[in-house]
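Okay, structure first, notes after.
The structure displayed is predicted, hence computed values, not measured ones. Starting from 1, each residue takes its place in the sequence as its number. Values below: all heavy atoms of this structure, side chains included; hydrogens, waters and symmetry mates excluded.
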Amino acid sequence: MAEDPEFNQQAFAPLNVKCKDSDCATGRHAFSPDKRKRDWAKTYEGQCRECGVNLVDWDRVKQRDLRDVEGVFAELQHELIRHVFFHAPFDEKSRKQAAKLGRQALRQRVRPYLEKKIGKANIAWDGRQTPKGESAIHFGQHATATCCRKCLEYWHDIPQGRELTSAELDYCAGLVLAYLDQRMVELMAPAPGAGDSPDLVTKMISPPASQPPGAAH
């Protein structure tokens, strides 16, 4: 999945990308609510905090139906940070962990890890508990907006301030597992050549050919 021929490629440091980052001119937005704005709750309907466009089929995503995981993945990638982590080459630590654990053991780690990191009602430093690298699970969390309770709330309509239910944890784990399954061959493949920089990922920044920036979804 790291290959994305529809997009021009530029070096991009994954540790620097944030939920509030956007590249609206190329169709990659930031849909996190801007709570610095007065009366944000009265005006927020899932629009980009930078340009105001609303490309996401929120009703579809918030059904939380794993039978529609491909559709959910497509909606997630309207947001810059999600798109980056769907296409970023895995870093060395992520590859080494996967090689050491193997596919099955890596998959078995997902749900307990999510329960520990995002399952509690009150999480210190929420928004910072998931590194942007070091494990393919982390890549999957950032790609699927299961990295923190803030992202979980605005993407999947799961409120902050309470423990996740078993069904909600199952759903979050299902998203990450589906992400891992899609990228498992790539993850387990030999690492890129020594000349490639492990600290850079590919940023795909051209708009989809079939849809101009700002077009209705």
Side-chain angles (χ1 to χ4, degrees), residues 14-15 17-21 30-33 35 40-41 44 46 56 58-86 88 90-91 93-94 96-98 100-184 187:
L15 296 181
V17 66
K18 300 178 178 65
C19 297
K20 65 182 181 181
D21 291 340
F31 300 112
S32 60
K35 297 184 178 181
W40 70 269
Y44 180 70
V56 177
W58 293 107
D59 290 338
R60 181 179 193 174
V61 175
K62 291 176 181 181
Q63 286 181 24
R64 302 202 291 268
D65 186 354
L66 289 174
R67 294 171 298 181
D68 187 34
V69 69
E70 290 297 333
V72 173
F73 282 5
E75 299 298 332
L76 284 161
Q77 290 184 74
H78 288 303
E79 190 164 50
L80 178 61
I81 186 172
R82 314 301 161 201
H83 183 76
V84 167
F85 278 95
F86 266 101
F90 292 107
D91 64 317
K93 285 187 177 181
S94 297
K96 286 184 175 179
Q97 182 200 52
K100 180 179 180 181
L101 292 174
R103 175 184 176 127
Q104 190 61 29
L106 181 65
R107 296 181 91 259
Q108 288 173 348
R109 284 195 175 196
V110 171
R111 194 184 189 283
Y113 187 78
L114 295 186
E115 184 172 11
K116 178 181 178 181
K117 292 295 183 179
I118 63 171
K120 298 177 183 178
N122 298 301
I123 302 171
W125 303 104
D126 186 52
R128 302 182 184 180
Q129 68 265 51
T130 305
K132 294 190 176 99
E134 302 178 10
S135 172
I137 296 174
H138 298 154
F139 274 71
Q141 286 184 264
H142 288 296
T144 61
T146 57
C147 44
C148 68
R149 294 298 292 268
K150 296 173 185 176
C151 292
L152 202 60
E153 183 173 60
Y154 79 85
W155 265 104
H156 303 291
D157 200 26
I158 298 177
Q160 302 178 57
R162 64 164 174 79
E163 291 186 1
L164 296 184
T165 67
S166 180
E168 289 166 347
L169 277 168
D170 286 345
Y171 176 70
C172 293
L175 290 177
V176 176
L177 289 169
Y179 171 92
L180 291 177
D181 287 344
Q182 285 196 8
R183 300 197 66 184
M184 192 64 72
L187 178 61

Which atom pairs, donor and acceptor, lie under 3.5 Å between side-chain atoms of residues 112-123 and protein residues at least two apart or in another chain?
{"from": "Tyr113", "atom 1": "OH", "to": "His138", "atom 2": "NE2", "distance (Å)": "2.8"}

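Applying the side-chain hydrogen bond (donor to acceptor under 3.5 Å, both in side chains) rule to Arg107 yields the partners Asp181; only residues at least two apart in sequence or on another chain are considered. Leu76 pairs by the side chain to side chain contact (heavy atoms under 4.5 Å, CB included) definition with Val72, Phe73, Arg82, Phe86, Thr144, Ala145, Trp155, not counting sequence neighbours. Remark: Arg162 pairs with Glu168 by the side-chain hydrogen bond (donor to acceptor under 3.5 Å, both in side chains) rule, at least two apart or across chains. Residues forming a side-chain hydrogen bond (donor to acceptor under 3.5 Å, both in side chains) with Lys96 (at least two apart in sequence, or on another chain): Glu92. Considering only residues two or more places apart in sequence or on other chains, His156 meets the side-chain hydrogen bond (donor to acceptor under 3.5 Å, both in side chains) condition with none of them.
Side-chain atoms of Gln129 come within 3.5 Å of backbone N or O of Gly127 as a donor-acceptor pair. Of the possible polar contacts, one joining the Gln141 side chain to the Thr146 backbone as a donor-acceptor pair under 3.5 Å is found. Without hydrogens or angle criteria, His142 side chain to Thr130 main chain gives a donor-acceptor distance under 3.5 Å.
Minimum heavy-atom separation, Ser32 to Cys19: OG-O, 3.8 Å. Residues Phe90 and Ala136 come closest through the heavy atom pair CE2-CB, 3.8 Å. The two residues Ala30 and Asp21 come nearest to each other via the heavy atoms CB-O, 3.3 Å. Summarising the geometry of Lys132 relative to Phe85, their closest heavy-atom pair is CB-CZ, 3.7 Å, with the distance given to 0.1 Å. Across every non-hydrogen atom of Ser94 and Gly133, the tightest pair is OG-C, 4.2 Å.
The structure places CG of Asp157 at 11.5 Å from CD of Gln63, a figure rounded to the nearest 0.5 Å. In this structure, OG1 in Thr165 is found 8.0 Å from CG in Asp170, a value given to the nearest 0.5 Å. Summarising the geometry, atom NZ belonging to Lys62 is positioned 10.0 Å from atom CZ belonging to Arg64; distances are rounded to the nearest 0.5 Å. Between atom CD1 of residue Ile137 and atom SG of residue Cys147 there is a gap of 14.0 Å, rounded to the nearest 0.5 Å. Leu152 CG to Ile158 CD1: the interatomic distance, rounded to the nearest 0.5 Å, is 4.0 Å.
A salt bridge is absent between Asp91 and Lys93; no separation between the charged side-chain nitrogens and carboxylate oxygens falls under 4.0 Å. A salt bridge does not link Lys150 to Asp126: none of the charged side-chain nitrogens sits closer than 4.0 Å to a carboxylate oxygen.
In this structure the side chain of Phe31 reaches within 4.5 angstrom of the side chain of His78, judged on heavy atoms.
More than 12 heavy atoms of other shown residues, nucleotides or ligands fall within 6.0 angstrom of atom CZ in Arg111.
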